[in-house]
Amino acid sequence: MRKILLAIAIVLSVVSVSFAQSTNKFGHINSQELMSLMPESQTIRTELEAYAKQLETQMQAMATEYQSKMTEYQTNEATWSALIKDSKAKEIADLERRITEFQQNAQQDLSAKEQSLIEPIIKKAQDAIDAVAKANGYTYVFDTSVGSVIVYPEGDNILALVKKHLGIQ
């Protein structure tokens with residue numbers, strides 16, 4: 001009797017494992033490649049480059065002002081009184097501090113701007129991947145751009161389906 005129950009349990013577990021494997025459909029996509037192909041990516045790059053250029057222009061103006069103040073200080077240091085030297089040195093130190101702050105804030109600001117611009121494209125790509133996965137019966141879709149999937153079958157790359165869904169050539 002135990003042998004029969006054991007045999008039935010084994011058969012049932014093999015059948016359930018086979019059934020579970022047959023209902024799962026796996027796919028993969030390189031989301032970075034997808035997003036780089038989306039027309040919005042070029043718009044984002046252009047906008048970020050323009051914004052970075054504005055920040056760079058401001059930084060260059062501050063650097064020019066700093067260089068001018070340093071040159072003035074070095075040229076006139078010998079003829080200035082201690083009070084004027086001290087005042088000019090404080091101006092230069094203050095400008096150095098502002099330049100450092102501006103560099104830090106500019107980097108943070110640029111990163112925040114990039115994040116705000118890229119969030120909608122990430123959502124659009126994710127929505128398209130979800131729609132394609134659902135329409136084509138994929139249980140799991142792995143993102144190969146993050147490098148955590150080491151082995152995947154070439155035939156299940158859904159990039160072409162998602163591009164078609166988004167209208168990308």
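Residue numbers start at 1 and run along the sequence shown.
- Applying the ring-ring contact (aromatic ring centres under 6.0 Å, His included) test to residues at least two apart or on different chains, the pairs with a partner in residues 64-117 are Tyr73-Trp80.
- Contact record, Leu95 with Arg98: CD1-NH2, 2.9 Å, taken as the closest heavy-atom pair.
- With sequence neighbours excluded, the residues that form a side-chain hydrogen bond (donor to acceptor under 3.5 Å, both in side chains) with Tyr51 are Asp109.
- With sequence neighbours excluded, no residue forms a salt bridge (Lys or Arg N to Asp or Glu O under 4.0 Å) with Lys134.
- For Glu33, there are no salt bridge (Lys or Arg N to Asp or Glu O under 4.0 Å) partners two or more places apart in sequence or in a different chain.
- Ser31 and Ser145 share a side-chain donor-acceptor pair at under 3.5 Å.
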Report task. Just do the side-chain contact (heavy atoms from CB on, under 4.5 Å) check on Asn136 and Ile158 with the steps written out, would you? Result -> CA-CA 9 Å; Asn136 291 281; Ile158 66 168; over 6 Å; no
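- Of all non-hydrogen atoms in Met35 and Ile118, the two that sit nearest each other are CE-CD1, 4.4 Å.
- Two residues are said to be in side-chain contact when any heavy atoms from C-beta on lie closer than 4.5 Å; Gln42 and Arg45 meet this criterion.
- From Gln108, atom CD reaches atom CD of Gln104 across 7.0 Å, with rounding to the nearest 0.5 Å.
- Residues forming a salt bridge (Lys or Arg N to Asp or Glu O under 4.0 Å) with Glu77 (at least two apart in sequence, or on another chain): none.
- Residues satisfying the side-chain hydrogen bond (donor to acceptor under 3.5 Å, both in side chains) test with Glu101, not counting sequence neighbours, are Arg97.
- For the salt bridge (Lys or Arg N to Asp or Glu O under 4.0 Å) test, no residue two or more places apart in sequence or in another chain qualifies with Glu96.
- Sorted by first and then second residue, the salt bridge (charged side-chain N to carboxylate O under 4.0 Å, His left out) pairs with a member in residues 111-120 read Glu47-Lys113; sequence neighbours excluded.
- Between Ile29 and Leu159, the shortest heavy-atom contact is CD1-CA, 3.8 Å.
- Within the structure, the side chain to side chain donor-acceptor pair (under 3.5 Å) test picks out no pair touching residues 52-63 (sequence neighbours left out).
- Annotation: side-chain hydrogen bond (donor to acceptor under 3.5 Å, both in side chains) contacts of Glu72 (sequence neighbours excluded): none.
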**Report entry** Worked verdict on Val146 versus Gln32 for side-chain contact (heavy atoms from CB on, under 4.5 Å)
**Finding:** CA-CA 9 Å; Val146 294; Gln32 293 298 321; over 6 Å; no
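- Residues satisfying the side-chain hydrogen bond (donor to acceptor under 3.5 Å, both in side chains) test with Asn30, not counting sequence neighbours, are none.
- Distance check: Leu34 CG to Lys124 NZ gives 10.0 Å after rounding to the nearest 0.5 Å.
- Summarising the geometry, atom CD1 belonging to Ile122 is positioned 12.0 Å from atom CG belonging to Asp127; distances are rounded to the nearest 0.5 Å.
- Using a 4.5 Å heavy-atom cutoff, the side chains of Ile92 and Met70 are in contact.
- The two residues Met38 and Ala125 make their nearest non-hydrogen contact at SD-CB, 4.0 Å.
- Contact of the Lys69 side chain with the Lys88 side chain is not registered, since no non-hydrogen atoms from C-beta on lie closer than 4.5 Å.
- Comment: Lys90 does not engage Asp94 in a salt bridge, judged by the lack of any side-chain N to carboxylate O separation of less than 4.0 angstrom.
- Considering only heavy atoms from C-beta on, Phe142 comes within 4.5 Å of Phe26 through its side chain.
- Looking at Ser111, its side chain does come within 3.5 Å of a backbone N or O of Gln107 through a donor-acceptor pair.
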Side-chain donor-acceptor pairs of residues 161-169 under 3.5 Å, sequence neighbours excluded:
none

